[in-house]
Structure formats: C-alpha cells, structure tokens
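Step one of this worksheet: look at the structure below.
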Amino acid sequence: MIMELAVYEKMPDQVKISHEELERDGFSPNPFYECLIAEVPDEHKTKDGYTIVGYALYFYTYSTWKGRSVYMEDLYVMPDFRGKGIGKGLMAKVAQVGVEKQCVRLQLSVLDWNKPSLDFYVAKGAEDLTAKEGWHFLRFDGQSLDTLAKEAPKD
Amino acid sequence: MDFSIRASTLEDCKDIARMILELAEYEKVLDQVKVTQKELEQDGTKEGHAKVGYALYFYTYSSWKGRALYMEDLYVMPEFRGKGIGKALMSKVAQLGLAAGCTQLNFAVLDWNKPSLDFYLSQGCFDVTADMGYHCMRCEGAALEQLAQGDT
C-alpha cells in the first residue's frame, strides 16, 4: 500500500524501502514507527483477495515548544474503500493513541495539489502551517548528507 | 575559537530550556513555548548540545526511504555565531544519523528567516516545500481532542 500511495502522489520511483526493512524497523525492541491497519471481512475483499485495505503509519516526535507529539507519515485507504469513514477512523485512532501517550500535537504533510486530502484534513481541524506561518521543510539526503556528515568535528 | 560538541546530559536541561526560549524569541513566537525544564529532563535521551548552542533531534521514519532524522532545533547564541559552531552541530547530527542507518536529515525553517535559509541551502540541502509542494499540517488543542474522540 506504500507503493499505491506513492503512485497516487505521482512519485513511485522514490520508494526504495523493502518489506524486510519495514519488518526490522517496526517490530524490533526500539521501533522507528507504529502502524495501524484497516481490515474488512472476507466477503468484502478486493478482487485481488486483499482484506487489508488501509493503513496509518506514525511515530512519536518532540516539539521544544509544546512537548510530546505524534507525526502521521502516511494515511491511505484503497480507492474502492474510500468515503466509508475508514480514513477518518484510522486518523482518529492515531490521535487517540497519541493523546493516551500525552501527545499534544498531531502533525502530517500534504502535497499542495492534493485538494481532496487537504480538504479532508482541514475538515478534521488541521491547520496548514506552511500557508499560515510560512514553515518550509528542508532536507539533506544522498550526497549532500554524506558531505555534511564528513565535516563533523572529531570527538 | 575553540569549542566542543558533545551529547547532552540531564544536567544540561536548564541550559537547553534557556536556549529554547532564546530561539523562540528569534522566531517571534515566545508565547508558544510551553515545554518546561522538568519535561525536557523526563523526555530527553541523547541530544547533541553545547552550552552556547544546541541541536535537538529525534529519529523519524520515511515510508519511502526508511530511517530518517528530524532536527527540531538548531541554535547558537548571537555572540557565538559565524564561528562554525552551527555547522559543526549540524554535521554532528548528520554523522550520528548516518551511523544509525538514516538516509535523510529533515528540518523546518520559516520562509522569512533568510539568514537561516541561506545557511542551510549553502550546506547543500533542498527546500522540500518549494521543490515538491509539501505543506506541514497540524492538529492540536480542542481539534486534537475532538479527533481522538471521533467527534469530527
């Protein structure tokens, strides 16, 4: 489903992760993420035989202003199962898990052209911090990350 | 100028709390800071900090690329800037991240903060929001409570 979501976001070539990495990183003693799945009964399975039709992948983060937070990295429901409250159910569950762990924020990101998703999140009470406050995400990866790391002072 | 970079300890939380407030003042959002020194002591594990500057980061996850790092704060006190301390802190975060198998170092900057934007871009990063169109969204306060109760 990670691949299906990447196709929807028009960036399938960006997906490099394997399911072995997902297993290692999600289910070891110190997991990097948690994941909720949405499952339907067998009689509603997809034409390919899948009963797992959606997921929400999230992890805990930290705000130096407000404290514990949760970041929802992915929220996805297969197209044939949308409009039935599954996406909302998954997101509400992530919020509930976060609130139980004393998180005070739920954060996520959305592509600016993805109007259906933007509308969905705003309807759930999310604010667009990029539009409202001017926040931009920046990233080092690949060569730029290697170069930066090599410049670290010796211990 | 001689300086050292090391992992923070519990005893550093008072200085970290002080510098968090200084950074929030620079970002013009001092009234937004609710974290206390006590919470920092409870919730902290290892962060790369110095007493005149700090970098606070944590591990995150990209469903496309795997393990990643998020640098929540990078701060150097005004009188210590221009001496390579900010760059050294950021490089150390990158080094620790690579050692832990991370393939990305992510962080956020305010669009009006030209000195910081120029600094980061000169170090080789790219602007994910400008280049790819990602917007940060947040639920908090009453909106988060309602969402958690399934009331939206």
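To find a chain, count down the sequence lines: A is the first, B the second, and so on, and within it residues start at 1. Everything numeric in this text was worked out from a predicted model, so none of it was measured.
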(message) I'd like to verify something: which residue of Lys16(A), Gln96(A), Met11(A), Arg105(A) has the highest number of heavy-atom pairs under 4.5 Å with chain B?
(response) Arg105(A)
(message) Does Tyr50(A), at its OH atom, have more than 12 non-hydrogen atoms belonging to other residues, nucleotides or ligands within less than 6.0 Å?
(response) no
(request) Mark yes or no for whether Thr129(B), through its side chain, and Phe137(A), through its backbone, hold a donor-acceptor pair below 3.5 Å. (result) yes
(request) Calculate, to the nearest 0.5 Å, the distance between atoms SG and CG belonging to Cys139(B) and Leu108(A) respectively. (result) 6.5 Å
(message) Using heavy-atom distances under 4.5 Å, tell me whether Asp146(A) contacts chain B through its side chain, its backbone, both, or neither.
(response) both
(request) Establish whether Val7(A) and Tyr76(A) are linked, either directly or via other cluster members, by ILVMFWY side-chain heavy-atom contacts under 4.5 Å. (result) no
(message) Atom CG of residue position Asp48(A) - does it have more than 12 heavy atoms of other residues, nucleotides or ligands inside 6.0 Å?
(response) yes
(message) I need the Leu106(A) CG to Leu147(B) CG distance, nearest 0.5 Å.
(response) 6.5 Å
(request) Give a yes or no on whether a salt bridge exists between Glu127(A) and Arg138(B), defined as a side-chain N under 4.0 angstrom from a carboxylate O. (result) no
(request) Could you look at Cys35(A) and say if it's the side chain, the backbone, both or neither that has a heavy atom under 4.5 Å from chain B? (result) neither
(message) Please classify the contact of Glu72(B) with chain A as side chain, backbone, both or neither, using a heavy-atom distance under 4.5 Å.
(response) side chain
(request) Would you mind checking which part of Thr61(A) comes under 4.5 Å of any heavy atom in chain B, side chain (CB onward), backbone (N, CA, C, O), both or neither? (result) both
(message) Between Gln95(B), Met137(B), Gln104(B), who has the most heavy-atom pairs with chain A when the cutoff is under 4.5 Å?
(response) Met137(B)
(request) Measure across Val128(B) and Arg139(A) and return the closest heavy-atom pair with its distance rounded to 0.1 Å. (result) CG2-CB, 3.6 Å
(request) Under 4.5 Å, counting heavy-atom pairs only, tell me which of Lys150(A), Lys132(A), Lys93(A), Glu73(A) racks up the most with chain B. (result) Glu73(A)
(message) Counting only non-hydrogen atoms closer than 4.5 Å, does Asp127(B) touch chain A with its backbone (N, CA, C, O), its side chain (CB onward), both, or neither?
(response) both
(message) Could you see if Tyr121(A) belongs to whatever hydrophobic cluster contains Trp135(A)? Use Ile, Leu, Val, Met, Phe, Trp, Tyr and a side-chain cutoff under 4.5 Å.
(response) yes
(message) Between Asp141(A) and Thr103(B), do the side chains contain a donor N or O and an acceptor N or O under 3.5 Å apart?
(response) no
(message) Let's test your reading of the structure: which of Gly124(B), Ser63(B), Gly66(B), Gly84(B) forms the most heavy-atom pairs below 4.5 Å with chain A?
(response) Ser63(B)
(request) Report the C-alpha distance between Leu145(A) and Leu98(B) in whole Å, list the side-chain angles of each, state the deciding distance to 0.1 Å, and finish with yes or no for side-chain contact (heavy atoms from CB on, under 4.5 Å). (result) CA-CA 8 Å; Leu145(A) 184 60; Leu98(B) 280 176; 3.8 Å; yes
(message) As an exercise, state the distance from OH of Tyr59(B) to CZ of Phe32(A), rounded to the nearest 0.5 Å.
(response) 7.0 Å
(message) Testing the 3.5 Å rule here: is there a donor-acceptor pair between the side chains of Gln14(A) and Lys65(B)?
(response) yes
(request) Pick one of side chain, backbone, both or neither for Leu5(A), based on which atoms fall under 4.5 Å of a heavy atom in chain B. (result) neither
(message) With rounding to the nearest 0.5 angstrom, report the CZ to OG distance, Phe58(B) to Ser63(A).
(response) 8.5 Å
(message) Given heavy-atom pairs under 4.5 angstrom as the criterion, report whether the side chain, backbone, both or neither of Phe126(B) touches chain A.
(response) both
(request) Can you measure from CG (Leu56(B)) to OH (Tyr62(A)) and round to the nearest 0.5 angstrom? (result) 8.0 Å
(request) Classify the side-chain pair Tyr134(B)/Glu9(A) by whether it contains a donor and acceptor separated by less than 3.5 Å. (result) yes
(message) How long is the straight-line distance from CG of Asp73(B) back to CH2 of Trp65(A), given to the nearest 0.5 Å?
(response) 8.5 Å
(message) Please classify the contact of Met71(B) with chain A as side chain, backbone, both or neither, using a heavy-atom distance under 4.5 Å.
(response) neither
(message) I'd like to know which of Gln107(A), His136(A), Glu151(A) tops the heavy-atom pair count under 4.5 Å against chain B.
(response) His136(A)
(message) Please classify the contact between Leu110(B) and chain A as side chain, backbone, both or neither, with a heavy-atom cut-off of under 4.5 Å.
(response) both
(message) Can you tell me which of Leu118(A), Thr147(A), Leu129(A), Val70(A) forms the most heavy-atom pairs within a distance under 4.5 Å of chain B?
(response) Leu129(A)
(message) Before you tell me yes or no, could you show the steps for Phe140(A) and Gln123(B) under side-chain contact (heavy atoms from CB on, under 4.5 Å), namely the whole-Å CA-CA distance, both residues' side-chain angles and the distance that decides it to 0.1 Å?
(response) CA-CA 9 Å; Phe140(A) 286 94; Gln123(B) 300 306 309; 3.6 Å; yes
(message) Between Glu133(A) and Asp111(B), is the side-chain contact (heavy atoms from CB on, under 4.5 Å) condition met? List the steps.
(response) CA-CA 8 Å; Glu133(A) 295 177 11; Asp111(B) 59 4; over 6 Å; no
(message) For a quick test of reading the model, state the closest non-hydrogen atom pair linking Gly125(A) to Ala143(B) and the distance between them.
(response) O-CB, 3.5 Å
(request) May I ask you to name which of Gly141(B), Ser62(B), Gly101(B) has the most heavy-atom pairs under 4.5 Å with chain A? (result) Ser62(B)
(request) Locate the shortest heavy-atom distance separating Ala92(A) from Gly150(B); write the atom from each residue and the value. (result) CB-CA, 4.4 Å
(request) Considering only heavy atoms and a distance below 4.5 Å, find which of Leu69(B), Leu23(B), Asn106(B) pairs most often with chain A. (result) Asn106(B)
(message) Salt bridge check, Asp25(A) against Arg67(B): does any charged N sit closer than 4.0 Å to a carboxylate O?
(response) yes
(request) Select one option (side chain, backbone, both, neither) describing which atoms of Val99(A) are under 4.5 Å from chain B's heavy atoms. (result) side chain
(request) Pick one of side chain, backbone, both or neither for Met91(A), based on which atoms fall under 4.5 Å of a heavy atom in chain B. (result) both
(request) Sort out for me which residue in Asp13(A), Ile2(A), Ile17(A) forms a side-chain contact (heavy atoms from CB on, under 4.5 Å) with Trp64(B). (result) Ile2(A)
(request) Count the heavy-atom pairs under 4.5 Å between each of Asp112(A), Leu138(A), Leu148(A) and chain B, then report the option with the highest count. (result) Leu138(A)
(request) Could you tell me whether the side chain of Thr64(A) and the main chain of Ile20(B) form a donor-acceptor pair under 3.5 Å? (result) no
